[in-house]
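See structure below.
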Amino acid sequence: VAAAPVQSVAGRTGTVTVDAGDLTDGDFGGTAILGFDATLNDQTGTAYTILASDAGKVITCNNGSAVTVTVPASLGAGFTCSVVQKGAGQVTFVASSTTINNRQSHTKIAGQHGVATLISTASDVFVLAGDTAS
């Protein structure tokens, strides 16, 4: 059972339950909504292996040289993260005991400021979607 609609959340602590229909104006007075503010994982090297702790994060790759992002096994079905090519070095995704699917067989982010998302649809099976290239 949902609690009564809350008109203001400023200064509130604890858990407040509302129905989706109660969220009409989207103004939370600058208060962050738990689960809607992604954590950044800034990477400046030329190689990075995704970790289970990257779930729900945005990984930024900032290097002038090519960057290899390895997608390892055992991240779990439902794992998702986004990767941003922040620098000029093109980001390439490499499977390690996993399968990476893309409808166009792409394995890279298309260019600087491009974003790709990895979604595990089954154990060790991922879909790479977004601004991708071959």
Could you go through Asn41 and Tyr48, starting from their C-alpha distance and side-chain angles, then the distance that decides it, and tell me whether this counts as side-chain contact (heavy atoms from CB on, under 4.5 Å)?
CA-CA 11 Å; Asn41 177 355; Tyr48 181 70; 2.9 Å; yes
So, Ser96 side chain and Thr70 main chain: donor-acceptor pair closer than 3.5 Å or not?
no
Below 3.5 Å, can you tabulate the donor-acceptor pairs from side chains in residues 58-69 to any protein atom, sequence neighbours excluded?
residue	atom	partner	partner atom	Å
Thr60	OG1	Asp42	OD1	2.5
Asn63	OD1	Ser65	N	2.8
Asn63	ND2	Thr44	O	2.7

Could you tell me if the side chain of Pro72 sits less than 4.5 Å from the side chain of Ile50, heavy atoms only?
yes
Applying the 4.5 Å side-chain criterion to the ILVMFWY set and letting contacts propagate, would Val91 and Leu75 be lumped into a single cluster?
yes
For the residue pair Gly56 and Ala38, what are the closest heavy atoms and their distance?
O-CB, 3.9 Å
How far apart are the closest heavy atoms of Ala133 and Ala110, and which atoms are they?
CB-CA, 3.7 Å
Between Gln85 and His113, is there a donor-acceptor pair closer than 3.5 Å when you use the side chain of the first and the backbone of the second?
no
Would you kindly confirm whether Val83 and Leu51 end up in one hydrophobic cluster when ILVMFWY residues are joined by side chain heavy atoms under 4.5 Å apart?
yes
Looking at Ile100, Ile109, Asn101, which hits side chain to side chain contact (heavy atoms under 4.5 Å, CB included) with Leu128?
Ile100
Side-chain donor-acceptor pairs under 3.5 Å in residues 114-127, sequence neighbours left out?
residue	atom	partner	partner atom	Å
Thr117	OG1	Ser82	OG	3.1
Ser120	OG	Gly76	O	3.2
Ser120	OG	Ala122	O	2.8
Ser120	OG	Val125	O	3.3
Asp124	OD1	Ser74	N	2.7

